[in-house]
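Take a look at the structure below.
A quick note: this is a predicted structure, and the numbers were derived from the prediction, not measured. Per chain, numbering begins at 1; letters A, B, ... match sequence-line order.
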There are 2 protein chains.
Amino acid sequence: MASTARWQTAAQVLAQVRRRPGITRATMAQELHLSSGLATEITARLRALRLIAETPAPPRGRGRPTTVLGPHPGGPLVAAVELRHEDWRCAVAGLDGRLAGEVTRRHRGRDPRAVLGAIRAGLAELRAAHGDRLRAVSLAAAGTVHDEHLVQSATLGWGPVDLTGLTGLPLLFGNDATLAGVAEARTGAATAAGTALHLIVETGIGGTLTVGGRPATGAHGAAGEYGHLPFGDRARRCPCGARGCWDLDVDGRALARHLGADEPADPRSYARAVLDRTDPAARAALSTVAAALGSGIAGLVNLHDPDTVTLGGLGAPLRAADPGAFAAAYTDGLMAFHRTQPPPVVDATHGDDGPLHGAALLGLDHITSEAGLAAWAADVTGR
Amino acid sequence: MASTARWQTAAQVLAQVRRRPGITRATMAQELHLSSGLATEITARLRALRLIAETPAPPRGRGRPTTVLGPHPGGPLVAAVELRHEDWRCAVAGLDGRLAGEVTRRHRGRDPRAVLGAIRAGLAELRAAHGDRLRAVSLAAAGTVHDEHLVQSATLGWGPVDLTGLTGLPLLFGNDATLAGVAEARTGAATAAGTALHLIVETGIGGTLTVGGRPATGAHGAAGEYGHLPFGDRARRCPCGARGCWDLDVDGRALARHLGADEPADPRSYARAVLDRTDPAARAALSTVAAALGSGIAGLVNLHDPDTVTLGGLGAPLRAADPGAFAAAYTDGLMAFHRTQPPPVVDATHGDDGPLHGAALLGLDHITSEAGLAAWAADVTGR
DNA sequence: CTAATATGCTCGTACTACGAGGATAAGGCG
DNA sequence: CGCCTTATCCTCGTAGTACGAGCATATTAG
């Protein structure tokens, strides 16, 4: 109990440093209501533990100059991994969450064992390069995560795949859309929002609700399957097994259907192609999809009452294809009392890096938790 | 900082006592990993502050007998108020959350000022009776709560009504369905669930997702409008202003539509009447509604990935009207991977007392927070 | 009555946090 | 260049919480 309580204030300081990059020690102490003596003690401790570095702050008028708090160059690191349908990426992040050493590698084969083997080898390289500084691995997967398995990856076409044992380090999982939502809520387009809804359209539609930057992950981590809400025609069966999934109304499959084409093998690239077209048929299909997107989002605003909605992936260009149709459907689907001040729907700012970024953030949460700090301190002093 | 940190462990002890009624001091200390010395100190402090009472525990084998921790007979109280369409109720609860002195009064008029005036008078009576022991008021309202206003109360037919200033005490608000969900998650049918979804059918359908017993309330407290997700026919306009609301497919209005009747003035009593009918037309209508309920719940399970779903209000009898149709629609709407172990859909156990009970729980959360305890302690020692 | 067992209490120690006062490192100004 | 002002940092005495060992206490089993 006290063994972790000991790190409570230190964890708060680190959280503050992470939340407000470039913060000075003086303002940090003020905002956390720390006495200057305590600030001295804690920063000294964190410095000695190689968790933060203090550099002289640029002078700002009179008075004794303070220091800027930042990540220690020898501090702990997380490996963020993103598993996508064509490739996988990984990068390393320090306490500031900045990704470094990003590497992307295409899958050699489609076999889960081969792919996971390649990732495992990549992680082993990272461990060799960074040694004990690497404290956790955080994985964003393009598919539904359930407990510690990956199920229902529409893009990868895998059966249930066990994700544990990827490495000897603590391993955190998340759906890619979930983690992208975390990134938007913490450092992206919904920074100011307490409750934020992130939706991302690629093949289908995923997303997450974040409250205070933490995602609602459900009992098994499988929450956020917004695309499998039955907003659509119940006569249509979705590959996920359910019926009337919203998925089928907002991605490339919907565009193909409206255009009378066969179901595309890769709905994402199909949608991108249609977005580039200017013929009336394509524009009409895009308008229909933009409206389906707006209407569904309105329902979700009714449900979640978020401060902000962020749109990622193809969501942004789909809305941009017919902003009017989107806005009309959005407003029309809102409960009347929401219409006076509807939550803004803004484009996501992280682009394709959202999942990787969010994975890093979640890994850092683990490291900077009170328990994580206690473990790091034991390691550093033990060595 | 330390002023509230001081109450951290005490708050944990109280939370434990609330969560596990009848817990002994020894097991409490064990489960919280408190040394026996600290347990002595804290229980003594809480006893002196009239927060807990210790009574001899029934002997259980050898060893020095321990004590059972319970609410102090002179401890703090909350007033729980429920505002319904025909009447309002209030009761008082101590730290064990047991409601006492429940009073129900029918509205004299429909005017918000008259109704709120009556409630204000009732609360004044409670304050006179309980004095400084009454520490907070918690209100469950049959309608959408947005910030500190009540908007869109389908049943009450009110415009936006400001709920602040009901009393001089701290005032907590919640939608009735939200608070009923809290009650189910904490002390009802979903006690074991970390993530629980509660849905209640009355006029329309409301509910809440709770994580660890805390409801997802959204940015303005208006979350949980499950009935206004567009699971239904977009051609139908809902009184809420939106289209295709699920509401219209699962309550008395849906039954009337299926039976070719006019929209009923009171969908609840209409639905109850239909539930009592045995003619084929009624049974067919009920089956259709049970299926609409099951299908929507499946979508919400896809979305939230809960451990358990609880059904309140007319939800239970509607499902019971055709369990087969419900189950078929439920399973059919689930993503395939959920089907091996679908979350159980169980009937709520709190019945009509759910909202009042949940309001009391939320008020007690406020009282037993670290800040609340600090305030209580200041009052008790100051007097 | 005694042994066994489980729990409560006392007290010395460790550690975190606070707060007051002094020390320190700049800028501003004559 | 030296002194004042300003803002911050550091030191140290004090308070309060938590821990842990040892002892005290209350009960059952035999």
- Query: Counting side-chain heavy atoms from C-beta on, which of C/dG8, C/dG19, D/dT28 comes nearest to B/T67?
  - Reply: C/dG8

- Query: Which nucleotide in the list C/dG8, D/dG16, D/dT28 gets nearest to the side chain of B/R6?
  - Reply: D/dG16

- Message: Rounding to an integer number of Å, can you tell me how far A/L69 CG sits from D/dC9 C1'?
- Response: 13 Å

- Query: For B/I42 and D/dT17, what is the distance between atoms CD1 and C1' respectively, to the nearest whole Å?
  - Reply: 9 Å

- Side-chain N,O (B/R45) to OP1/OP2 (D/dT17) below 4.0 Å: yes

- Message: Classify A/P65 by what it touches in the nucleic acid, base, sugar-phosphate, or nothing, heavy-atom distance under 4.0 Å.
- Response: sugar-phosphate

- Report the residues that fulfil side-chain contact (heavy atoms from CB on, under 4.5 Å) with A/V145, sequence neighbours left out, ordered by chain and then residue number. A/A141, A/L150, A/F173

- Which residues satisfy the salt bridge (charged side-chain N to carboxylate O under 4.0 Å, His left out) test with A/E31, sequence neighbours excluded? A/R20

- Please list, chain by chain and in numerical order, all residues satisfying side-chain contact (heavy atoms from CB on, under 4.5 Å) with B/E41, sequence neighbours excluded. B/R45

- Task: Would you kindly give the CH2-to-P distance between A/W7 and C/dA17, to the nearest whole Å?
- Result: 11 Å

- Item | Residues that A/A219 engages under side-chain contact (heavy atoms from CB on, under 4.5 Å), provided they are two or more places apart | B/T195, B/D307

Write down the protein N/O and nucleotide N/O pairs, taken from nucleotides 10-13 of chain D, whose separation is under 3.5 Å; answer none if there are no such pairs.
residue	atom	partner	partner atom	Å
D/dC10	OP2	A/R25	NH2	2.1
D/dC10	OP2	A/T40	OG1	3.0
D/dC10	N4	A/S36	OG	2.5

- B/R214 atom CZ: more than 12 heavy-atom contacts under 6.0 Å: no

- Message: On DNA chain C, does the nearest nucleotide to B/Q30 precede the nearest nucleotide to A/G63 from the 5' side, or the other way round? Give the residue.
- Response: B/Q30

- Message: Distance check needed: C/dT16 P versus B/Q8 CD, whole Å only.
- Response: 14 Å

- Taking side-chain contact (heavy atoms from CB on, under 4.5 Å) as the test, write out the residues that go with B/T349, two or more places apart. B/E184, B/A189

- Query: Taking only side-chain nitrogens and oxygens of B/T9, does any of them come within less than 4.0 Å of OP1 or OP2 of D/dA18?
  - Reply: yes

- Task: To the nearest 10°, let me know how far the axis at one end of the helix from C/dC1-D/dG30 to C/dG30-D/dC1 is tilted from the axis at the other, five pairs an end.
- Result: 0°

- For B/E54 and D/dA26, what is the distance between atoms CD and C1' respectively, to the nearest whole Å? 15 Å

Which donor-acceptor pairs under 3.5 Å do the side chains of residues 57-79 of chain B make with protein atoms, sequence neighbours left out?
residue	atom	partner	partner atom	Å
B/T66	OG1	B/A26	N	3.4
B/T67	OG1	B/E54	OE1	2.5
B/H72	ND1	B/G74	N	2.8

- Rounded to whole Å, the CD-P distance (A/Q12 to C/dT16) equals 15 Å

- Task: Could you check if a side-chain atom of A/H198 sits within less than 4.5 angstrom of a side-chain atom of A/T178, using non-hydrogen atoms only?
- Result: no

- If you pin A/A29 and A/R62 to their nearest nucleotides in DNA chain D, which one's is more 5'? A/R62

Would you tabulate the side-chain donor-acceptor contacts of residues 359-366 of chain A under 3.5 Å, counting partners in other chains and residues two or more places apart, or write 'none'?
residue	atom	partner	partner atom	Å
A/D365	OD1	A/R18	NH1	2.9
A/D365	OD1	A/R18	NH2	3.2
A/D365	OD1	A/R186	NH1	3.3
A/D365	OD2	A/R186	NH2	2.6

- Which whole-number value in Å describes the distance from B/H33 NE2 to D/dG20 P? 12 Å

